[in-house]
Protein chains: 2
Amino acid sequence: MNEMRPIRAKSGTNQEGASAHNRRVMIDALRLNGQLSRADLARATALTKQAVSNIIEELENDGLVTSLAAVRRGRGQPSTPYRLVPEGAFAIGLQIDRHVTRTVAVDLVGTVLTRKETNLPAGGPEKGAEAVLALIEETRRALVKAAPKSKDRLVGLGVAMPGPFGIAADQDDPWMMAAWQSFPLVETLSTGTALDVRLQNDAAAAATAEKMVGAAHGLDHALCIYLGYGLGAGLILNGELYRGANGNAGEIGMILSRPRGGADDARAPLEHRTSIASLCKALDLDPADPDLYDHIDAKARMPDQRVKAWIADAAFELQAAVQILETVFDPQTVILCGGMPPGLADLLLDALHPLLPSIAERRGRSAPRLQLGFTDPWAVAIGAAAEPISRTFDPRFSAILKTRVTAAP
Amino acid sequence: MNEMRPIRAKSGTNQEGASAHNRRVMIDALRLNGQLSRADLARATALTKQAVSNIIEELENDGLVTSLAAVRRGRGQPSTPYRLVPEGAFAIGLQIDRHVTRTVAVDLVGTVLTRKETNLPAGGPEKGAEAVLALIEETRRALVKAAPKSKDRLVGLGVAMPGPFGIAADQDDPWMMAAWQSFPLVETLSTGTALDVRLQNDAAAAATAEKMVGAAHGLDHALCIYLGYGLGAGLILNGELYRGANGNAGEIGMILSRPRGGADDARAPLEHRTSIASLCKALDLDPADPDLYDHIDAKARMPDQRVKAWIADAAFELQAAVQILETVFDPQTVILCGGMPPGLADLLLDALHPLLPSIAERRGRSAPRLQLGFTDPWAVAIGAAAEPISRTFDPRFSAILKTRVTAAP
DNA sequence: TTATTAAGTCAATTGTCTTGACTAATTTCT
DNA sequence: AGAAATTAGTCAAGACAATTGACTTAATAA
């Protein structure tokens with residue numbers, strides 16, 4: 001009788017949605033400002049003192065916030081500040097990369113409590129999935145040992161791996177990332193761990209880390225360029241990570257552009273020239289070498305001609321990338337991060353200046369156009385762990401709505 | 001006593017915020033689906049039948065929706081569909097461009113009711129502001145004549161002009177756009193018209209038009225490349241127009257890239273090669289000529305060598321721009337629009353194919369990677385007029401919050 | 001004719017924020 | 001020293017909007 005076309009509509013909300021949002025706003029405000037009194041919170045959130053009082057009391061009962069000693073702030077009754085309780089929530093992060101697999105556990109404020117690293121057995125996900133589950137189990141045990149409360153307060157498992165997802169990928173990748181990308185990893189880990197599992201690409205995870213405990217803390221519009229084995233960008237727009245229609249937003253390593261000295265139509269992916277993979281190629285390093293980081297570190301400390309040439313090339317491309325991202329997104333700042341030795345990062349940042357002119361050159365900037373973020377190789381795993389915390393506690397549109405709008409990775 | 005640092009926090013919400021959101025969700029659903037019954041709406045929005053009934057009754061009393069004849073849909077009581085009432089709201093759009101100033105008035109569903117065009121007196125905003133106010137007044141009168149209800153139902157004035165805003169601009173622009181860009185236009189128009197005035201750049205306006213009545217209707221992730229006198233992009237992300245930290249997001253005409261055949265470091269703004277301005281330059285046309293459109297139309301119908309060369313050049317650059325945007329945003333589709341004769345648009349679209357490979361090439365795409373949007377020169381003015389409608393009636397995060405978070409243009 | 005299904009209403013309930021009056025603690029003014 | 005002003009925070013009642021569950025109405029299917 002009826003054609004049964006699907007009805008397209010956004011979800012509605014109710015008082016509980018509003019309440020959930022307000023709880024998140026309180027937590028966000030405490031995270032951003034360190035400590036605030038109930039009156040501070042009322043002013044900052046435009047809610048009434050009474051509403052704030054009720055919510056704070058609830059959060060205190062839930063073990064998410066705690067009061068500090070009263071402070072006198074001039075005239076009037078002294079205020080009682082509140083702060084987040086780190087042990088209020090925990091999450092585990094998993095990074096699957098080509099040469100290494102890492103897990104970390106973090107608490108509500110982003111402190112790292114455990115970290116583990118392993119090399120997956122060759123053979124892709126069919127064999128590797130089991131090892132990954134074992135690693136997570138081990139991490140969980142270590143976390144419970146370090147923080148017994150975590151047993152009931154684990155909010156989820158965040159997974160980060162190189163993107164893009166859902167695309168016919170390079171088949172000539174010896175680390176079988178393509179196999180991992182098409183493997184039903186989220187489902188496998190969900191059933192294997194009974195945790196809420198979400199997947200993002202490594203650049204997005206790096207951006208999540210920068211947002212929670214790094215240079216993007218408190219910024220609503222920030223872009224993280226992540227220089228790892230590949231090249232990507234994590235996009236923080238309107239205070240939330242932007243994923244795009246298919247979870248592949250920010251894969252700037254796949255921008256096609258002309259190499260220096262190439263012909264007009266000789267277009268190649270940016271990450272062929274600007275990534276740790278390209279550095280390894282340029283320096284004849286073995287990317288699978290467990291001591292790769294130290295080798296690169298040594299090279300960066302005493303750069304020879306080949307290192308200098310790679311840096312010049314990479315900086316040339318990154319200048320363009322930064323200018324493009326600034327022009328397209330109009331962000332407050334761009335953050336350069338990646339799993340590389342600090343020496344290399346400094347050389348690269350240096351070589352990027354002066355930056356190309358862009359609309360980001362405006363009077364009264366508060367943040368620098370480009371700054372260095374985490375270069376810690378663990379940043380991606382930390383960001384992966386930060387995602388469940390962010391999803392559970394940060395204010396976001398989808399958290400208000402009745403049926404959670406989940407974007408497929 | 002106290003250091004008085006500002007407290008950073010997001011705004012809270014309450015039942016009224018939730019209610020406002022639900023109203024918007026209903027209107028959005030009716031806009032997207034044409035007509036829906038209360039039961040349909042309840043299912044689609046995850047609200048209860050009763051809640052929907054109350055909201056719909058209220059919207060009907062407010063003159064925003066109306067019921068249609070009951071329809072039998074198989075077993076069960078027939079349902080009563082509702083649809084939007086076009087006369088429920090009106091808005092005026094103003095486009096200030098280099099050579100021409102246009103106003104249009106639209107209703108709730110985006111139908112254009114009046115359109116006016118004028119040439120501003122030379123001398124920039126000091127002299128032009130008065131003429132603009134007069135034009136708006138004239139439009140308002142014409143609108144009231146065409147739709148008497150509009151007198152009490154005018155929700156705002158949307159203004160579109162070329163960006164970027166707040167940047168030290170080209171001073172050698174004979175049309176004094178720089179002067180307009182630094183002129184306090186919003187304030188002047190606000191006081192002069194007593195309307196709610198908001199400013200956006202022309203590409204954003206074009207995207208707003210595409211979203212309300214064009215190719216982006218119902219899409220949550222779409223990019224509109226706007227080829228006008230300059231070159232820009234309007235970004236629809238998560239169903240909302242993205243403005244960036246300073247309202248300049250999408251100014252892709254200012255991407256610096258190497259011209260075909262140029263040296264590696266010979267970087268120039270994209271719009272120097274890809275814009276109607278560059279076309280005029282290439283064809284020795286006078287951009288201020290009131291018959292410019294017809295001249296270009298004639299050229300496009302019988303393209304000579306110079307036209308072909310320009311198209312090849314522009315398409316070469318646009319291919320790269322589309323690939324960059326797809327890679328960075330991972331949208332559902334990219335829409336090419338602009339104020340140009342359809343013949344030229346077709347030639348351009350043709351020359352853009354085959355598109356460069358990108359992550360947008362995935363199985364099961366529902367929308368084409370690139371499609372043609374409005375080429376109507378009035379699209380920007382229509383988009384400007386659609387902005388107040390969208391701001392007033394579309395679901396958006398900021399509409400739920402207590403203190404409206406307004407981004408400065 | 002009867003059962004089933006679906007749309008939509010009625011009336012009471014619930015959850016959450018708001019309102020306005022209040023208490024408490026501190027500094028500033030006289 | 002005492003009074004006034006200011007600020008933090010609580011108490012209790014009220015308002016608002018969605019929910020709940022029973023009900024009515026109207027159609028098709030058996």
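A, B, ... follow the sequence lines: proteins, then strands. Residue 1 opens every chain.
Distance CD (Glu16(A)) to C1' (dC17(C)): 14 Å, rounded to an integer number of Å. Across the protein-nucleic acid pair, Ile56(B) atom CD1 and dT9(C) atom P stand 11 Å apart, rounded to whole Å. Following rounding to the nearest Å, Glu57(B) (CD) and dT9(C) (C1') show an atom-to-atom distance of 10 Å. As rounded to whole Å, 12 Å separates atom P of dT7(D) from atom CG of Asp40(A). Ile400(B) places its CD1 atom 20 Å from the P atom of dC16(D), with the value rounded to the nearest Å. dG15(C) atom P lies 12 Å from atom CG of Asn14(A), rounded to whole Å.
Ring geometry for Phe329(B) against Tyr242(A) counts as perpendicular: the plane angle is over 60°, on a 0 to 90° scale with 30° as the lower cut.
A sub-4.0 Å separation between OP1 or OP2 of dA18(D) and a side-chain N or O of Asn22(B) is present.
For Glu60(A), the side-chain contact (heavy atoms from CB on, under 4.5 Å) partners are Arg38(A), Val65(A), Ser67(A), Tyr82(A), not counting sequence neighbours.
Within the structure, ring pair (Phe, Tyr, Trp, His ring centres under 6.0 Å) contacts touching residues 35-74 of chain A (residues at least two apart or in different chains) do not occur. Within the structure, no pair that satisfies the ring pair (Phe, Tyr, Trp, His ring centres under 6.0 Å) test touches residues 22-58 of chain A, not counting sequence neighbours. Legend: salt bridge (Lys or Arg N to Asp or Glu O under 4.0 Å) pairs involving residues 61-71 of chain A, not counting sequence neighbours, sorted by first then second residue: Arg23(A)-Asp62(A).
Place Thr13(A) and Ser79(A) on DNA chain D by their nearest nucleotides, and Ser79(A) ends up nearer the 5' end.
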Under-3.5 Å N/O pairs linking protein and nucleotides 20-25 of chain D:
from    : atom 1 : to       : atom 2 : distance (Å)
dT25(D) : O2     : Gln77(B) : OE1    : 2.1

Distance-only donor-acceptor hits, side chain of residues 207-216 of chain A, under 3.5 Å, sequence neighbours excluded:
from      : atom 1 : to        : atom 2 : distance (Å)
Thr208(A) : OG1    : Ala204(A) : O      : 2.8
Glu210(A) : OE1    : Ala215(A) : N      : 2.9
Glu210(A) : OE2    : Phe374(A) : N      : 2.6

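The nucleotide whose nearest atom lies closest to any side-chain atom of Gln15(A) is, among dT26(C), dA17(D), dA7(C), dA17(D).
As judged by a 4.0 angstrom heavy-atom cut-off over every strand, Arg23(B) is placed among residues making no nucleic acid contact.
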